[in-house]
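Below, each value reflects all heavy atoms present in this structure, side chains not excepted, and no hydrogens, waters or symmetry copies. Whatever order the structure lists them in is the order used to number ligands and atoms, beginning at 1.
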Amino acid sequence: MCGIIGIVTGHTVVTGLISSLKLLEYRGYDSAGIATMQDGQVWRERAAGKLANLEKKIKDDGVREGGIGIGHTRWATHGAPTEGNAHPHIVDNVIIVHNGIIENYAELRDELLENGANMQSETDTEVIGHLISQQLKIDKNIETAVQTAIGKLTGAFALAIMIKGEENLLIGARKGCPLVVGIGDVEGHYIGSDALALSPFSRQIIYLEEGDFVFASKEDYRIFDQAGTLVTRDINHVEVQSATMDKGNHKHYMAKEFFEQPDVVQHTLAHYLNMDDNQINIDANLDIKKFDRIIIVSCGTSYYAASVAKYWLEEATNMSVEVDVASEYRYRNPPLNAKCLFIVVSQSGETADSLAALRLAKHKGATTVAIVNVSTSTMSREADFVLPTFAGIEVCVASTKAFMCQISVLATLSIALGKAIGHINADQATTMASDLAQLPRLINDAFMVEPEIKELAHDISKVEHMLFLGRNTSFPIAMEGALKLKEITYIHAEGYAAGELKHGPIALIDEKMPLIIIAPDNEVYEKTRSNIEEIAARGGDITVLTTQKRAKEIRKLGLKAIALPDCSSFLAPFIYTVPVQLLAYHTAVHMGTDVDQPRNLAKSVTVE
Ligand code: F6R
């Protein structure tokens with residue numbers, strides 16, 4: 001995580017650094033800092049907490065401009081989120097910002113301390129500053145000194161570096177973490193964590209490769225690969241959709257984003273589904289018959305999207321579908337070969353573990369597909385096929401509309417693969433597709449439960465624990481509901497398969513334990529209904545999310561029920577996601593937590 005930016009134009013850079021940091025704050029908001037150089041002087045400002053604190057400090061202390069500068073927004077790894085640990089770090093002549101984790105930092109730090117280094121912070125970044133500074137004393141050639149020093153690091157990093165006295169030299173290096181170079185639309189050169197960070201200044205973007213170094217001046221730039229060879233990298237023309245840092249009429253980005261769901265689902269479906277004839281068109285040459293297995297790997301909310309798709313894909317294709325969290329998958333040495341269709345699901349397209357899993361699958365010969373929201377991301381560039389989601393920029397750290405778009409793509413993919421392998425026929429495929437076409441209207445209708453959910457949120461805001469239950473595709477939605485609640489309210493919540501409760505968690509049930517039971521009227525409804533009775537018999541505080549008809553029956557049992565629009569089993573995960581998102585949101589609003597930037601989190605998880 002962490003976002004980095006570097007600018008060399010020879011003119012004033014502070015406004016540019018701050019506007020980029022605003023676009024990078026989704027990568028972490030534990031602290032922020034900038035440094036500039038001018039006339040032999042280095043100026044640095046840092047502040048713990050959000051970027052707004054840094055802006056205030058700069059306003060109070062007064063700006064000191066420079067023709068070159070670097071900036072950072074932090075998600076703490078080594079060392080508490082204090083001002084002292086905030087980047088940029090300055091070690092002698094070296095000014096540095098870093099995204100990533102240096103794995104051999106403890107040994108390097110011990111060595112440096114033994115040799116008399118004076119450490120000012122608890123960060124692994126400062127160690128890099130010391131290594132470069134030491135090397136510069138031995139080797140006066142900055143390019144080779146920096147490459148030698150950075151060559152001693154193991155782990156993942158993207159770095160932006162300035163050297164005191166070198167006011168026309170901006171240095172970047174990457175391994176394991178993304179870093180891009182921008183050629184200024186008007187002037188100068190830029191380096192940053194992503195194309196979005198450079199969008200105010202540059203549409204000509206170079207994606208640095210693993211192990212690359214860049215040495216940029218305002219006039220020119222030179223890139224070296226990890227062997228130290230001068231290389232040429234492609235320049236990509238990138239039109240990054242500018243992030244609308246605008247909440248519209250909403251109090252929070254989260255509300256704005258989940259109310260956009262009918263539109264973004266429509267937009268995403270329109271890319272894969274011809275609404276005139278209900279034919280699915282997946283723009284990827286996937287010869288499904290050559291595969292014997294489908295593997296889907298992802299993290300967090302994207303993992304729950306994958307988990308929903310497991311039910312659909314198995315049903316549609318009759319193939320074995322494995323779903324795993326990327327942080328486990330990548331270190332398991334899983335059997336993978338050319339007969340595997342490997343799908344990675346990611347909003348950001350940069351999540352370190354998911355990216356590593358994608359690379360592992362490619363390395364072992366699987367055909368890879370990335371379902372991603374950020375079209376300029378690393379996964380979009382590295383997968384064999386990309387199936388984009390069209391959620392637009394998601395600003396709120398807790399994912400809502402990206403999830404809906406992910407399951408939209410996975411639903412169309414399930415139909416396409418099922419039809420291609422011959423497990424569902426053309427008529428079934430058309431019926432399923434015409435079902436999907438109802439989604440924007442049904443999702444919109446689902447928001448009608450908001451007043452009831454608001455009332456429920458009032459009660460939930462007083463509890464410390466709660467459970468979400470569901471069967472079939474409602475099981476991943478239960479887990480997603482629990483994750484949303486945990487993330488933005490800090491209430492402990494778990495999602496369970498309803499049938500699994502009696503194997504242990506039922507011991508938790510008493511009148512103080514609220515449960516949300518997701519029970520669409522589908523083929524497993526009666527089974528869920530038995531679970532509802534079992535919990536009711538033990539005094540659990542139950543609210544059932546179900547259809548109008550079933551809600552009436554549930555209320556007759558003296559239990560709470562909230563009625564969602566009628567829909568097919570296929571569409572249920574979309575429709576039942578709405579109330580669990582609303583519940584997390586309104587509970588957080590009651591509690592007064594930071595809905596859009598919850599504590600300890602970051603939007604893009606680029607460290608493992
Ligand atoms: C939860 C959330 C996270 C992400 C996870 C994966 O609301 O947003 O759990 O889903 O960090 O991120 P991506 O999808 O960018 O790979």
If we ignore angles and hydrogens, is there a donor and acceptor under 3.5 Å between the side chains of Asn373 and Thr389?
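There is such a pair between these side chains.
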Pull out every atom of ligand 1 sitting under 4.0 Å from any heavy atom of [X], numbered as shown with elements.
X      : answer
Lys484 : 1 (C), 7 (O)
Ser302 : 10 (O), 13 (P), 14 (O)
Ser399 : 7 (O), 8 (O)
Ser346 : 13 (P), 14 (O), 15 (O), 16 (O)
Val397 : 8 (O)
Ser348 : 13 (P), 15 (O), 16 (O)

Could you find the nearest protein heavy atom to [atom] and give me its residue, atom name and distance?
atom                    : value
atom 10 (O) of ligand 1 : Thr301 N, 3.1 Å
atom 6 (C) of ligand 1  : Cys299 O, 3.3 Å
atom 7 (O) of ligand 1  : Glu487 OE1, 2.7 Å

Should the pair [X] and [Y] be assigned to parallel (<30°), tilted (30 to 60°) or perpendicular (>60°) ring geometry?
X      : Y      : result
Tyr190 : Phe201 : parallel
His252 : Tyr585 : perpendicular
His267 : Phe390 : perpendicular

Kindly confirm or rule out a cation-pi arrangement of Lys50 over Tyr29, judged by NZ or CZ under 6.0 Å from the six-membered ring centre and within 45° of its axis?
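Yes.
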Of the listed options Asn373, Ile371, Thr351, closest to atom 16 (O) of ligand 1 (non-hydrogen atoms):
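Ranked by closest heavy atom to atom 16 (O) of ligand 1, first place is Thr351.
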Among Val325, Val605, Leu355, which residue places a heavy atom closest to atom 11 (O) of ligand 1?
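Minimum heavy-atom distance to atom 11 (O) of ligand 1 goes to Val605.
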Check His586, Glu480, Lys484, Gln261 against Gln581 for a side-chain hydrogen bond (donor to acceptor under 3.5 Å, both in side chains) and give me the one that passes.
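One option only clears the test, and that one is Gln261.
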With a 4.0 Å heavy-atom cut-off (strictly under), which part of Glu350 contacts ligand 1: side chain, backbone, both or neither?
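No part of Glu350 comes within reach of ligand 1.
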Check: Glu25 side chain, Leu51 main-chain N or O, donor-acceptor pair, under 3.5 Å:
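Flag set: sc Glu25 to bb Leu51 pair under 3.5 Å.
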Under a 4.0 Å N-O cut-off, is there an ion pair linking Arg330 with Asp353?
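Result for this pair is yes, salt bridge flagged.
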Check this for me: Glu450, atom CD, are more than 12 non-hydrogen atoms of other residues, nucleotides or ligands nearer than 6.0 Å?
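Yes.
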Run the contact test for Thr400 against ligand 1 with a 4.0 Å cut-off on heavy atoms, strictly below, and give the result.
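No, that is not the case, since the closest heavy atom of the residue is not under 4.0 Å from the ligand.
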